[in-house]
Amino acid sequence: MKTVTAVSDDIVQDLQGRFGDAIIAVQSTHDDIPTLWVAPKDARRIVQHLKESADRPFRMLYDLTAIDERTRLVRGDQPACDFTVVYHLLSFDRNADVRIKVPLVGEHPRLKSITDIWASANWYEREVWDMFGIAFEGHPCLRRILMPTTWKGHPLRKEHPARATDMEPFRLSDEKQDAEQDALTFRPEEWGLQSRSGDADFMFLNLGPQHPGNHGLLRLVLQLDGEEIVEVIPDIGYHHRGAEKMGERQSWHTFIPYTDRIDYLGGTMNELPYLMAVEKLAGIEIPDRAKVIRVMIAEFFRIASHLVWYGTFATDLGAMSPVFYTFNDRERIFDIIQAICGGRMHPAWFRIGGVAQDLPRGWDTLVRDFIAYFPGRLAEYDTVVMDNLILKKRAKGVGSYSLEEAIEWGVTGPGLRACGLEWDFRKRRPYGGYDQFEFDIPTAGHGDCYDRAVVRVEEMRQSLRIIEQCVDDMPAGAYKADHPLATPPLKERTMHDIETLIAHFLSVSWGPVIPAGEAFCGIEATKGNNGYYLISDGGTMPYRVRIRTPSFPHIQMIPLITRGLMIPDLITILGSIDYVLADVDR
Amino acid sequence: MNEILRPIVIMVVVLAYVLTVATALIWVERRLLALFQERLGPNRRGPFGLLQVVADMIKLFFKEDWIPPFADHPVFVIAPALIFITTLLSFSVIAFVPGFVVADLNIGLLFILAMSSIGVYSVVLAGWASNNKYSLLGGMRAAAQMLSYEVFMGLSLMGVVMIAGSFNLTAIVEAQRRVWFCIPQCAGFLIFLIAGFAEARRIPFDLPEAESELVAGYHTEYSGMKFAVFFFGEYIGLTLFSSLMVTLFFGGWLGPLLPGALWFVLKTFVLICFFILARGALPRPRYDQLMSLGWKLMLPLALLNLLITGAVLLAV
């Protein structure tokens with residue numbers, strides 16, 4: 001089992017030397033990310049230092065979340081507090097992360113906002129307020145973001161019920177319905193928007209929650225001057241299912257299917273960061289065969305997800321046919337997935353310690369057929385979609401952002417690479433065996449809609465290369481780790497004596513007991529960096545599951561790149577971002 | 001044939017032909033698009049799914065005829081009727097075979113252009129009367145689109161008129177005995193073709209409807225039979241445009257061996273299939289791009305074509 005080590009990183013020494021007593025403690029975690037506890041009054045200047053004046057600075061606010069510590073049993077070397085706010089920063093220069101934790105005391109604590117340091121902190125702080133009731137002083141617009149404005153309570157607090165059966169029966173009276181609907185009315189003045197300026201009367205248009213160009217339940221309120229967009233207010237939360245809260249009442253094993261549905265086009269790709277974080281906590285080493293199987297299935301899902309994007313992107317621009325071609329190809333991928341996993345979109349097939357089953361007989365023929373078939377189709381799509389003149393006119397130079405803006409706003413994945421930064425977590429921080437594969441990182445230079453498309457199209461070719469290497473060099477051996485915490489426990493171990501039977505029974509019924517601790521794992525998912533930050537209190541269920549999704553910051557950025565453009569451009573931008581609403585709202 | 005009976009027979013036959021073709025197009029377009037898009041399309045009702053059209057019609061007939069309470073009632077009702085009336089009226093001057101025409105006007109071409117201009121009001125009024133923001137944007141786009149393409153559409157046809165020396169459609173066809181006008185008037189034909197996409201409001205110029213942007217554009221609030229009239233109007237418009245193109249550029253009923261009427265129908269069908277194929281193949285430009293294409297490229301080209309045609313005619 002892996003030992004928990006206190007990290008002695010130069011950034012820790014730098015901060016300790018510079019801020020002295022403001023650093024309350026250095027916490028040891030299972031993920032090798034330096035974790036420092038800092039005093040609430042100093043938190044702002046410490047993260048500001050890390051962003052602006054530190055050596056090789058941490059320029060991206062990767063995540064900002066909170067933990068309700070009030071019912072936690074195993075705190076170890078951490079300072080006592082009721083709530084913790086966590087800043088997770090990322091440095092591209094160092095290729096390293098740092099985690100800053102701020103202990104807060106009281107039922108409804110307050111903390112200074114960092115929105116003036118990172119504009120992208122805006123939504124994250126709203127989310128923490130919405131979920132935990134922690135107020136941020138100096139925040140420009142501290143409103144609920146995922147829950148309806150009429151919601152009572154803050155769902156991720158431990159006293160908030162997790163099941164409908166713990167609550168009063170739901171009744172919708174006429175008055176309540178009217179009040180709820182009234183709360184959804186958009187009032188420009190609440191957002192500081194003018195209804196007219198000079199000789200122009202603005203029109204406010206609700207684009208969504210139901211709109212064919214939105215790809216899901218997303219509401220964008222547009223302030224329009226003719227068809228020109230003056231301002232966009234994204235309103236999210238219509239797809240909020242409380243995945244993080246569900247994590248707190250599911251066993252470590254039974255939460256796997258929920259992860260499939262976060263980025264619902266990514267399927268098993270979502271299971272990967274969750275399971276790798278669990279495996280870090282449990283100290284499980286994965287056999288090689290399981291690693292390669294996971295990589296192969298995950299890359300199939302990357303192609304499947306990109307195919308959906310490809311078709312719908314073309315549809316957004318008015319081309320009606322490509323979506324049928326790409327969905328047909330996606331069906332072929334699902335046929336393979338189905339042959340191997342049994343399921344199609346959400347097979348829930350990875351397990352703690354490996355995968356559910358060994359590969360079936362004849363799997364390699366299926367995969368090889370697809371490898372032979374797919375490149376020709378991609379070339380065809382280049383002609384139909386990417387080389388089309390009208391499409392180029394629509395997508396080039398539209399919705400562009402610079403690399404600095406991308407980092408400032410927390411953009412990861414193809415959107416980041418389209419700005420020219422060759423940054424792929426599979427290459428930069430090889431996880432799950434990716435260091436064994438040969439593939440290139442496609443990049444582009446302008447960061448506009450067309451470049452984001454170019455990057456994704458090339459990524460499909462690279463994924464195919466990885467899959468080809470998987471078939472050629474599939475290692476022999478076990479498909480699941482020989483470890484007591486791997487799930488489900490191997491059946492061969494039972495039926496020897498009563499002890500093995502009891503162990504098996506407990507592991508299947510309660511699920512494994514994961515040792516107390518904290519671990520984070522982020523991967524290069526289909527849409528950007530998807531990370532799971534797990535806290536175990538030494539129980540059969542996680543104490544806290546934080547899901548950092550790429551689409552959340554990407555959607556937050558829409559107003560920045562849309563102002564001054566027209567409605568068709570907005571649709572192009574939405575298509576080029578490639579988000580999934582469940583990935584935004586969780 | 002009896003002097004009174006003959007026009008009535010022609011009228012009934014033309015009307016029946018147009019409505020049958022428009023109805024059949026529902027099926028043709030769906031099956032053809034399906035063919036282009038690696039799927040089957042409607043194939044369950046009747047042979048080759050032909051009765052799907054009947055099923056669609058029954059559904060549309062029996063839907064509640066609902067008018068949104070916030071809409072401008074009279075205009076909301078008149079708008080779809082307008083497009084139906086104008087496209088059908090346009091057919092009255094189309095000559096299918098010599099002598100087989102409802103009204104053999106000597107200004108036939110001008111009449112059609114006038115009707116198509118009125119037809120645009122249908123879309124603009126529908127967008128306005130619906131009192132819906134998406135519809136309004138669709139209506140506005142239709143108006144902007146009309147302004148940019150009507151001008152060069154009319155101009156692109158003047159070359160044909162100059163060569164034929166007449167606005168009468170029968171005369172124009174007769175003038176093509178030696179060579180179809182799509183050869184000498186190649187530029188005019190291409191310009192008119194592009195205008196045709198805009199006139200029929202089909203991809204790539206379906207901006208007033210633009211599903212991915214404006215939900216359904218000008219007819220967002222329409223349902224039941226009123227929607228069906230728009231839907232139908234589009235197919236009649238498509239048929240009209242293809243027929244017009246056949247008349248003006250592909251020698252109408254002229255052709256060897258087969259009877260003239262069959263030639264006319266065949267040519268029309270080929271053009272309709274071309275429109276459908278284009279729908280399956282192309283994305284949609286932004287409407288400011290469409291407008292700058294119209295004003296900055298198409299209009300000068302149409303004028304140039306006119307100039308050259310005039311010069312050549314004078315020289316010969």
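Reckoned from all heavy atoms, side chains included, excluding hydrogens, waters and symmetry mates. Letters A, B, ... mirror the listed sequences (proteins, then strands); counts begin at 1.
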Relative to chain B, which segment of [X] carries a heavy atom at a distance below 4.5 Å: side chain, backbone, both, or neither?
{"X": "A:Ile571", "result": "side chain"}
{"X": "A:Asn388", "result": "side chain"}
{"X": "A:Met566", "result": "side chain"}
{"X": "A:Leu574", "result": "neither"}
{"X": "A:Asn206", "result": "backbone"}

Ion pair check, [X] and [Y], cut-off under 4.0 Å:
{"X": "A:Lys527", "Y": "A:Asp263", "result": "yes"}
{"X": "B:Lys226", "Y": "B:Glu221", "result": "no"}
{"X": "A:Asp182", "Y": "A:Arg187", "result": "yes"}
{"X": "A:Arg452", "Y": "A:Glu459", "result": "no"}
{"X": "B:Arg30", "Y": "B:Asp56", "result": "yes"}

Interchain contact, [X] with chain A, by part (heavy-atom threshold 4.5 Å):
{"X": "B:Arg279", "answer": "both"}
{"X": "B:Gln289", "answer": "side chain"}
{"X": "B:Arg39", "answer": "side chain"}

Practice problem: State whether the number of non-hydrogen atoms from other residues, nucleotides or ligands found under 6.0 Å of A:Arg377 atom CZ is greater than 12. | Solution: yes
Self-check item: Option from A:Leu307, A:Val385, A:Thr312 for which side chain to side chain contact (heavy atoms under 4.5 Å, CB included) with A:Thr326 holds
Solution: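 When A:Leu307, A:Val385, A:Thr312 are each tested with A:Thr326, the side chain to side chain contact (heavy atoms under 4.5 Å, CB included) holds only for A:Leu307.
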Quiz item: Okay, side chain of B:Ser148, backbone of B:Ala144: is any donor-acceptor separation there less than 3.5 Å?
Solution: yes
So which of [options] has the largest heavy-atom pair count under 4.5 angstrom toward chain B?
{"options": "A:Leu570, A:Leu389, A:Ile390", "value": "A:Ile390"}
{"options": "A:Gln210, A:Met203, A:Glu227", "value": "A:Glu227"}
{"options": "A:Asp569, A:Val384, A:Thr315, A:Leu391", "value": "A:Asp569"}

